[in-house]
Amino acid sequence: MTSTLIIGESMVELTHHTDDLLRKSFAGDTHSAAVYLKRLAGDSEDVSLLSAVGLDGLSNELIEALNKEGVSTHTVLQHPTRTIGLYMVHTDSQGERSFQYWRSQSAARATMALLEQQPALLADLAPTRVFFSGITLAIFDSTARAQLRELLEQLKMRGTQVIFDPNYRPALWQNKEETKAEYQWAFAVSDVVLPGLDDLNKLYGTSSMQSAVALVKTLCSGEAIIKNGEHGVTYLNADTQFSVEVAPVAKPVDTTAAGDSFNAALMAARSKGLPPQQAIEFAASVAAIVIQHKGAIIPRTELQHAINQLNT
Ligand code: ADP
């Protein structure tokens, strides 16, 4: 059975139900990727999250929420004093969304230190593939980043495929130089990279898909799938390059988790043996559904058609 280990942070998400009533759910880029991957892949794939939470009730609720989705939590470690991060979504009168975070001391930032204290768990890790993102890197300090790098290199030697989405969030980094230095090794260690064109443009100053492709070729030697919203997707590896068109959604309701659900669907499709082009088409169709609903995690029923399509 394929097994995927996803490394990153799950947080509490608070959205306004009414002006003064908030709705609580759980989210985060890797959280969303884990949930969507498990929903789409079903029993044929073991999906686990490597992260950390606290010992408090809210942290336990998060573990329960992951378990309810079928995401394995045996690698969700529990920090003795910290708790999970939190963010609130504000929507202004024009419908523009902004986010406010309380995550600077989150338990997830201590994931690698907690993992080091569990040598048996660490030695047992041998997933088919491992997925991490630029946000995973950003929330770690330099010691944790070095530990993550070592873990990825070890897993690679055990035959694990390494997948990376740069998911660039400037606010989480000191400056671009710091980000580029970390991304340098993250791209190099990865067998598959899933960047968004916007992120590459913002961080590296590229200005077109063509210049982004040239840049990505210098950063990694495996497969790259470059997402560009409704303008399509570009695939490249050492031997080939092609574009895949995306059916545009004219008025997305909420683009949160577009890239995360795309990544999850792509992984699920590749596990089922779909070749890159069909896997990308499937991933784009799933992302298109996700952006037509509010929230990072949309109701499972809305994905049923995609789940059936993949599993028949
Ligand atoms: P990221 O969120 O990683 O920056 P994108 O914004 O490119 O990535 O979105 C990820 C995927 O979601 C795209 O590759 C595309 O398949 C889909 N997507 C995003 N916006 C649209 C849209 N307006 N219409 C159709 N598909 C979209």
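As a basis for the values below, the full set of heavy atoms in this structure was taken, side chains included, without hydrogen atoms, waters or symmetry mates. Whatever order the structure lists ligands and atoms in, that order sets their numbers, starting from 1. If you read the sequence from its start, that first residue is 1, and numbering goes on from there.
- In this structure, Tyr183 and Tyr168 have perpendicular ring planes: the angle between them is above 60°, well past the 30° mark.
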Given side chain to side chain contact (heavy atoms under 4.5 Å, CB included), test Leu148 with Ile7 step by step and report yes or no. CA-CA 9 Å; Leu148 173 64; Ile7 309 177; 3.7 Å; yes
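- Annotation: Lys180, atom NZ; neighbour count of heavy atoms from other residues, nucleotides and ligands within 6.0 Å is above 12.
- Atoms of ligand 1 lying under 4.0 Å from at least one heavy atom of Lys227, given by number and element, are 3 (O), 7 (O), 14 (O).
- When hydrogens are left out, the protein atom nearest atom 27 (C) of ligand 1 is Ile291 CD1, 3.7 Å; that is the closest non-hydrogen contact.
- Other residues, nucleotides and ligands place more than 12 heavy atoms under 6.0 Å from the CG atom of Asn175.
- Residue contacts with ligand 1, taken as heavy atom pairs separated by less than 4.0 Å, involve Pro252 solely via side-chain atoms from C-beta onward.
- Residue Asn228 touches ligand 1 through its backbone alone, judged by heavy-atom distances below 4.0 Å.
- Counting only N and O atoms by type, the side chains of Arg129 and Thr4 include a donor and acceptor under 3.5 Å apart.
- Heavy atoms of other residues, nucleotides or ligands lying less than 6.0 angstrom from CD of Gln154 number more than 12.
- Counting heavy atoms closer than 4.0 Å to ligand 1, residue Val233 contributes side-chain atoms (C-beta onward) but none from N, CA, C or O.
- An N or O contact shorter than 3.5 Å links Gly229 to ligand 1 by distance.
- The backbone of Ala247, and not its side chain, has at least one atom closer than 4.0 Å to an atom of ligand 1 (non-hydrogen atoms only; backbone = N, CA, C, O).
- At the shortest separation from atom 9 (O) of ligand 1 among protein heavy atoms lies Ala258 CB, 3.8 Å.
- By the 6.0 Å contact criterion, CZ on Arg23 is open, its count of non-hydrogen atoms from other residues, nucleotides or ligands being 12 or less.
- Under 4.0 angstrom from ligand 1, the non-hydrogen atoms of Val249 come from both its backbone and its side chain.
- Set against the non-hydrogen atoms of Ala284, the atoms of ligand 1 under 4.0 Å away are 16 (O).
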